[in-house]
**Student:** 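Starting off with a structure, shown below.
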Amino acid sequence: MALLLSSSFVSSTQLPFSTSNTDKWNIGRVNKNSCCFTMCSVSNSSSSKSKRVWIWTESKQVMTAAVERGWNTFVFLSENQQLAIDWSTIALLDPLFIKEGEVFDSGDRRVGSIIEVSTPQELQQLQPADGQAENIVIDLLDWQVIPAENIVASFQGSGKTVFAISKTPSEAQIFLEALEQGLGGIVLKVEDVKAVLALKEYFDGRNEVSNLLSLMKATVTRVDVAGMGDRVCVDLCSLMRPGEGLLVGSFARGLFLVHSECLESNYIASRPFRVNAGPVHAYVLVPGGKTCYLSELKSGKEVIVVDQKGRQQTVVVGRVKIESRPLILVETKTNSGDQTLYGIILQNAETVALVSPCKGTGEQEKAIPVTSLKVGDEVLLRVQGAARHTGIEIQEFIVEN
């Protein structure tokens, strides 16, 4: 199941660079916790869990990049105390020190225990213990396949915050998402600034899913057969429910909520992982508030799935199929009095539908097949900036017809 993350800081202040050297440590913290992010499951958005990030590095560039992005908890070996002191003169830090398998804060209070796991036997024996600190840091030594699920299961319900040392952003993602709940945090141990940037991008890309997308009603003004063309079926790695689909449009200024093939049909079996999204030229919404062409999607890329109420989730594309099919043109205007036309071209098939505004709970009220669409029908539309450069919205004069 896809996971939603939002990078709202719940335990840390914003972290400007320090201009004061009055103390040995310029500690920019509200408490000993690191910066936190909220992470919740799609199926139960009320079940959220904070995620924490500690940075372990000897690179000043990595430190600078991390502080600028809101991460101020740094891990040092005990012999590197001078490095921590030096860095604290230019940035507000929360330094932690590793000594004899334990983690201490700047006041020499134990705040964490490190557990090294090097064999499957040690992994099986992994479990909470009374003598451990409230924070547990798991160090997997030379594992080729990361057993993140085993670690999550071992400490589930223990009341402890479990971190895992991650050497890449992709490792961190595995730990944060394992068994839907993930670990409580990660220790990013890197010397490359790009790793910090990639991890922050990962959080930012999922921050948007905590916000509702604004969708408005649009009234159909034209429905015409459009001939043959190459249309794109997008098969996702997640299942969709009635009312969910992808935001697609012929023009970036207006994206239609194209329903998935999750509904039962007399013509073909339900395929709740699929959206018959439109021709190769059409725009589709992707993470980061960007768009890309349907023809650019491929296995492993991410798109945004949206429902009738604007709730969104990031999902992975599993497969893309492009085939020649008969097409239909749909044009609409919004009910706000704006005379701008918003259009989309779709395959002319009974299984292709546009999502309609919320009117009830029945499946038949969630989507209108394009074969049944008529002038005067209402569908859902996302209105946004029309000008795009490589999928990024820009301020520029543009005319598209």
Side-chain angles (χ1 to χ4, degrees), residues 11 25 27 29 31-36 49-59 62-63 66 71-85 87 93-176 178-179 181-191 195-196 199:
S11 70
W25 303 108
I27 302 177
R29 61 178 180 175
N31 54 45
K32 68 178 178 294
N33 291 337
S34 63
C35 198
C36 298
K49 185 177 181 180
S50 295
K51 301 297 180 183
R52 295 160 60 186
V53 177
W54 296 351
I55 305 295
W56 187 350
T57 185
E58 295 182 10
S59 167
V62 170
M63 180 274 292
W71 292 322
N72 73 321
T73 302
F74 290 84
V75 177
F76 301 90
L77 296 176
S78 57
E79 56 265 30
N80 283 346
Q81 285 202 26
Q82 187 58 49
L83 179 62
I85 294 172
W87 284 1
L93 302 184
D94 184 359
L96 301 176
F97 302 95
I98 297 176
K99 293 185 289 186
E100 298 179 352
E102 304 288 345
V103 182
F104 297 85
D105 66 12
S106 57
D108 207 31
R109 294 181 294 270
R110 189 181 72 153
V111 297
S113 300
I114 297 178
I115 301 178
E116 294 184 346
V117 180
S118 58
T119 66
Q121 291 73 26
E122 290 176 345
L123 182 65
Q124 290 178 354
Q125 297 170 2
L126 195 61
Q127 58 183 350
D130 293 336
Q132 295 169 343
E134 61 181 286
N135 298 306
I136 305 297
V137 180
I138 305 297
D139 188 2
L140 296 174
L141 304 176
D142 301 322
W143 284 74
Q144 297 301 313
V145 178
I146 298 175
E149 291 84 359
N150 304 63
I151 299 172
V152 173
S154 296
F155 286 90
Q156 200 165 33
S158 68
K160 298 182 182 296
T161 301
V162 182
F163 292 75
I165 297 176
S166 306
K167 298 181 176 64
T168 66
S170 58
E171 281 187 6
Q173 181 177 346
I174 292 173
F175 286 119
L176 291 170
L179 294 182
Q181 297 299 315
L183 297 181
I186 55 102
V187 179
L188 186 64
K189 186 178 182 181
V190 296
E191 303 300 327
V196 174
L199 185 63

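It should be emphasised that the depicted structure is a prediction, and the values quoted were computed from it without experimental measurement.
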**Student:** Could you tell me which non-hydrogen atom of Pro95 sits nearest to which non-hydrogen atom of Ala84, and how far apart they are?
**Tutor:**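 Answer, listing the atom of Pro95 first, then Ala84: CB-CB, 4.3 Å.
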**Student:** Please report the closest heavy-atom contact between Ser113 and Glu102, naming both atoms and the distance.
**Tutor:**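 Smallest heavy-atom distance, with atoms named: OG-OE1, 2.9 Å.
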**Student:** Please say whether more than 12 non-hydrogen atoms of neighbouring residues, nucleotides or ligands are located less than 6.0 Å from CD in Glu100.
**Tutor:**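 For Glu100, atom CD is not crowded (no more than 12 foreign heavy atoms under 6.0 Å).
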**Student:** How many angstroms lie between CD in Glu116 and CG in Leu140, if you round to the nearest 0.5 Å?
**Tutor:**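 Taking CD in Glu116 and CG in Leu140, the distance rounds to 10.5 Å.
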**Student:** For a side-chain contact (heavy atoms from CB on, under 4.5 Å) check, start with the C-alpha distance between Ile186 and Leu199, then their side-chain angles and the critical distance, and finish with the verdict.
**Tutor:** CA-CA 11 Å; Ile186 55 102; Leu199 185 63; 3.8 Å; yes
**Student:** Roughly how far, to the nearest 0.5 Å, is the CD atom of Glu134 from the OG1 atom of Thr161?
**Tutor:**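 Here the rounded value is 7.0 Å.
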**Student:** Rounded to the nearest 0.5 Å, how far apart are CD of Glu171 and CD1 of Ile165?
**Tutor:**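 Glu171 atom CD to Ile165 atom CD1 measures 10.5 Å (nearest 0.5 Å).
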**Student:** Taking Glu191's backbone N and O only, do any of them form a donor-acceptor pair with Glu58's side chain (distance below 3.5 Å, no angle check)?
**Tutor:**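 Side chain of Glu58 to backbone of Glu191: no pair is present.
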**Student:** Determine the minimum heavy-atom distance between Phe175 and Ser166, stating which atoms define it.
**Tutor:**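 Taking every non-hydrogen atom into account, CD1-OG, 3.3 Å.
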**Student:** Start with the C-alpha gap between Val103 and Ile114, add the side-chain angles, then the distance that decides, and say whether side-chain contact (heavy atoms from CB on, under 4.5 Å) holds.
**Tutor:** CA-CA 7 Å; Val103 182; Ile114 297 178; 3.9 Å; yes
**Student:** Do Ile174 and Leu176 come close enough that some side-chain heavy atom pair is under 4.5 Å?
**Tutor:**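 They are not in contact (no side-chain heavy atoms under 4.5 Å apart), so the answer is no.
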**Student:** If you round to the nearest 0.5 Å, how far is CG of Asp94 from CG of Asn72?
**Tutor:**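 Those atoms lie 5.5 Å apart.
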**Student:** Identify whether the distance between the nearest side-chain nitrogen and carboxylate oxygen of Lys189 and Asp139 falls below 4.0 Å.
**Tutor:**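 No, Lys189 and Asp139 are not salt-bridged.
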**Student:** What heavy-atom pair brings Ala164 and Leu183 nearest, and what distance separates the two atoms?
**Tutor:**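 Between these two residues, the closest heavy atoms are CB-CD1, 3.5 Å.
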**Student:** Are the side chain of Asn135 and the backbone N or O of Val111 linked by a donor-acceptor pair below 3.5 Å?
**Tutor:**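 Side chain of Asn135 to backbone of Val111: a pair is present.
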**Student:** With no hydrogens and no angle check, do the side chains of Ser59 and Thr57 hold a donor and an acceptor under 3.5 Å apart?
**Tutor:**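 Note: Ser59 and Thr57 side chains miss the donor-acceptor criterion.
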**Student:** Indicate, with yes or no, if the rings of Trp56 and Phe163 have centres closer together than 6.0 Å.
**Tutor:**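 Ring centres of Phe163 and Trp56 not closer than 6.0 Å.
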**Student:** Could you give me the CA-CA distance, side-chain angles and deciding distance for Val190 and Val62, then say whether side-chain contact (heavy atoms from CB on, under 4.5 Å) is met?
**Tutor:** CA-CA 8 Å; Val190 296; Val62 170; 4.2 Å; yes
**Student:** Under the side-chain contact (heavy atoms from CB on, under 4.5 Å) rule, what do Ile98 and Val75 come out as? Steps first, then yes or no, please.
**Tutor:** CA-CA 7 Å; Ile98 297 176; Val75 177; 3.5 Å; yes
**Student:** Which heavy-atom pair separates Ala195 from Pro169 by the least distance, and what is that distance?
**Tutor:**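 Distance-wise, the nearest heavy atoms are O-CG, 3.4 Å.
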**Student:** Calculate, to the nearest 0.5 Å, the distance between atoms CZ and CD belonging to Phe76 and Gln81 respectively.
**Tutor:**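 So the CZ of Phe76 and the CD of Gln81 are separated by 10.0 Å.
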**Student:** Going from CH2 on Trp87 to CG on Leu93, what distance comes out if it is rounded to the nearest 0.5 angstrom?
**Tutor:**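 So the gap between those two atoms works out to 8.0 Å.
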**Student:** Within the distance-only criterion (no hydrogens, no angle test), does the side chain of Asn80 pair as donor or acceptor with the backbone N or O of Leu83 below 3.5 angstrom?
**Tutor:**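 Flag not set: sc Asn80 to bb Leu83 has no pair under 3.5 Å.
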**Student:** Could you check whether any side-chain heavy atom of Ile115 comes within less than 4.5 Å of a side-chain heavy atom of Val137, counting everything from C-beta outward?
**Tutor:**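 No, every pair of side-chain atoms sits at 4.5 Å or beyond.
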